Amino acid sequence: MKPRHLNHTDTLQLPVTGKGPFSFRHTLWKPSHFGTGLEVHTATHSWRTFRLDHLVVGVRMSAENDRLLVADVFTDGHYEPEHRERIAQRLITSYGLDEDLDEFTELASQVPAMQEPLDTLAGMRQSCPEDHFEIAVISLLLQNVTISRTTQMTRNLLTHHGKLVHFAGVTLRAWFTAAELAGVTPETLKEQDRLGYRARTLPHFAAFFRDHTTQDLADEETLVDRFQQIKGVGPYTAAVMASHSSRNPSVVGLDVWNRKILARRLLGAEDAAPEDLQRHMKELFPGHAGTAALYLVEHEFIRSPVAPLLAADALDVWNQTLETSAA
DNA sequence: CGCCAGGTAACCC
DNA sequence: GGGTTACATGGC
């Protein structure tokens, strides 16, 4: 499949305004994240796509220094002045450029289990370039399957219903919007995209987020309850949405995978009851349990990342792989 | 073949 | 309410 070419339309200089150190590399690239084709990273650069309603946006980012992110913006269609501020705000939020980290660092420095993760990942923030709809889809695809199946379903959905774009020397996939996905039938999701029983719940996600934009959903307090009214969104998916796309640093979405990692690191046990773990983390890191979990999980994968950094001369192979992947 | 994987809804008492 | 169980699919 031939990717659509995006044109260079802007360059943004985004200062880090949050307190505490900022790590460009460990914030934008997460060793535990599975490969989606929506982003790719080398030692010095990150490429990522975004959807702003109709507009497809590609961004190539690097760090001018540890207080300044430089983002080259590539778009299709008409790039309007209003898009500049929206993209800038999206990047600031996605990578927490304006979030303070000092309170967490202070808490974590008192906890022995946090010493190594803090040293290795100093300045790492939560990364979530996904909006509420997109992170809900990711969480849905993580439910009760192996990562290889999650990766397969993600590839199917993005190949069949998303976009393929080329910019700044890199080919990437881009998300479909909720409105675009709302037109896809459960039969197609099941038979073509191999979604299994998720084929019946995903259309509920698409309809909900087609009708409720991120701006509508600003009411933090009741958001988790609102999300759980969507069929297929339970405690785990709602918590991932709260901690990632709403960026609530106190929330942890526990699943069998991170539960075992956290139990081992914090309780010295192979596993633990979710309630015990939640209570323990709230006590150790009041207001910052989610950030603490982030550091522990990413540290677990830093030596053998799920989707490793690419060598600069491997981008050609990367592009070929995406452009020839089964449709 | 049976089990399980980075859960959830529907049913049971 | 809290404790089961089916749910699709693919890899081992």
Side-chain angles (χ1 to χ4, degrees), chain A residues 29-36 38 126-128 130 132-160 184-209 224-245 251-267 269-279 281 289-302 304-308 325-326:
Chain A
W29 168 73
K30 289 292 188 285
S32 84
H33 286 193
F34 68 92
T36 58
L38 294 162
Q126 177 73 273
S127 88
C128 186
E130 280 77 22
H132 289 316
F133 170 61
E134 294 161 352
I135 203 68
V137 174
I138 295 272
S139 308
L140 176 76
L141 299 180
L142 285 166
Q143 290 170 10
N144 202 41
V145 288
T146 56
I147 285 304
S148 75
R149 255 229 4 106
T150 302
T151 306
Q152 177 204 35
M153 292 188 285
T154 304
R155 170 164 32 84
N156 291 345
L157 282 179
L158 291 174
T159 302
H160 298 146
V184 180
T185 64
E187 291 71 31
T188 300
L189 295 173
K190 183 171 161 64
E191 286 154 30
Q192 177 191 237
D193 304 320
R194 313 304 299 154
L195 251 55
Y197 66 81
R198 295 160 194 77
R200 284 182 279 108
T201 47
L202 187 54
H204 293 292
F205 287 37
F208 182 88
F209 288 103
V224 171
D225 296 330
R226 275 300 283 298
F227 288 149
Q228 289 206 57
Q229 291 165 8
I230 308 167
K231 289 285 179 215
V233 176
Y236 168 72
T237 302
V240 170
M241 294 169 78
S243 91
H244 287 64
S245 49
V251 177
V252 187
L254 285 182
D255 52 40
V256 293
W257 167 73
N258 60 18
R259 199 179 70 211
K260 288 175 183 170
I261 295 173
L262 297 172
R264 197 158 52 238
R265 296 299 166 195
L266 294 173
L267 303 172
E270 278 311 297
D271 203 348
E275 317 79 63
D276 294 344
L277 209 42
Q278 294 280 12
R279 182 168 35 76
M281 296 193 71
T291 310
L294 176 71
Y295 272 73
L296 289 165
V297 168
E298 295 310 328
H299 186 249
E300 194 80 12
F301 282 84
I302 191 74
S304 58
V306 178
S325 77

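What you see is a predicted model; the values in this text were computed from it and never measured.
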### All side-chain hydrogen bond (donor to acceptor under 3.5 Å, both in side chains) counterparts of A:His244, not counting sequence neighbours
none
#### Entry: Which residue lies more 5' along DNA chain B, comparing A:Ser32 with A:Gly232 via nearest heavy atoms
A:Ser32
### Query
Of all residues at least two apart in sequence or in a different chain, which pass the side-chain contact (heavy atoms from CB on, under 4.5 Å) check with A:Ala199?
A:Leu189, A:Lys190, A:Leu195
### Heavy-atom contact window of chain A on DNA chain B, given 5' to 3' at under 4.0 Å
B:dA5 to B:dA10
### Task
Determine the contact category for A:Arg194: base if any of its heavy atoms lies under 4.0 Å from a base atom, sugar-phosphate if only primed atoms, P, OP1 or OP2 are that close, otherwise nothing.
sugar-phosphate
### Message
Please report the distance separating the P of B:dC3 from the corresponding atom of C:dT5, rounded so that it comes out in whole Å.
### Response
13 Å
### P gap between B:dG2 and C:dA6, integer Å
14 Å
### Message
My understanding is that only residues two or more places apart in sequence, or in another chain, count here; which of them pass side-chain hydrogen bond (donor to acceptor under 3.5 Å, both in side chains) with A:Arg194?
### Response
none
### Task
Could you check whether A:Thr201 gets within reach of a base, just the sugar-phosphate, or nothing at all, counting any heavy atom under 4.0 Å?
nothing
### Message
For the C1' atoms, the ones on B:dC4 and on C:dC7, what distance do you get once it is rounded to whole angstrom?
### Response
14 Å
#### Entry: Any donor-acceptor N or O pair under 3.5 Å, side chains A:Arg155, A:Gln152
no
Which pairs would a plain distance check flag for residues 134-145 of chain A, meaning a side-chain donor or acceptor within less than 3.5 Å of a matching protein atom at least two apart in sequence or in another chain?
from     : atom 1 : to       : atom 2 : distance (Å)
A:Glu134 : OE1    : A:Arg90  : NH2    : 3.4
A:Glu134 : OE1    : A:Asp131 : N      : 3.0
A:Ser139 : OG     : A:Ile135 : O      : 2.9
A:Gln143 : NE2    : A:Gly232 : O      : 3.0
A:Gln143 : NE2    : A:Thr237 : OG1    : 2.9

### Query
Contact class for A:Ile230 (heavy atom, under 4.0 Å): base, sugar-phosphate, or nothing?
sugar-phosphate
### Query
How would you label the contact of A:Val233 with the nucleic acid (heavy atoms, under 4.0 Å): base, sugar-phosphate, or nothing?
sugar-phosphate
### Task
Identify whether any heavy atom of A:Val145 sits under 4.0 Å from a base atom; if not, whether one sits that close to sugar-phosphate; answer base, sugar-phosphate or nothing.
base
### Task
Report yes if some heavy atom in the side chain of A:Glu130 is under 4.5 Å from a heavy atom in the side chain of A:Ser245; otherwise report no.
no
## Note on the structure
From CD of A:Glu191 across to C1' of C:dT9 the rounded distance in Å is 14 Å
### Summary
A:Lys231 atom NZ is separated from C:dC7 atom C1', nearest whole Å, by 14 Å
### Message
Both A:Ser148 and A:Asn144 contact DNA chain C. Taking the nearest nucleotide for each, which residue is further toward the 5' end?
### Response
A:Asn144
Residues 292-301 of chain A, side-chain donor-acceptor partners within the protein, below 3.5 Å, at least two apart:
from     : atom 1 : to       : atom 2 : distance (Å)
A:Tyr295 : OH     : A:Met124 : N      : 3.0
A:Tyr295 : OH     : A:Met124 : O      : 2.6
A:Glu298 : OE1    : A:Ser32  : N      : 2.9
A:Glu298 : OE1    : A:Ser32  : OG     : 3.4
A:Glu298 : OE2    : A:Ser32  : OG     : 2.7
A:Glu300 : OE1    : A:Arg265 : NE     : 3.1
A:Glu300 : OE1    : A:Arg265 : NH2    : 3.3
A:Glu300 : OE2    : A:Arg264 : NH2    : 3.1

### Task
Provide, to the nearest angstrom, the distance between the CE atom belonging to A:Met153 and the P atom belonging to C:dC7.
17 Å
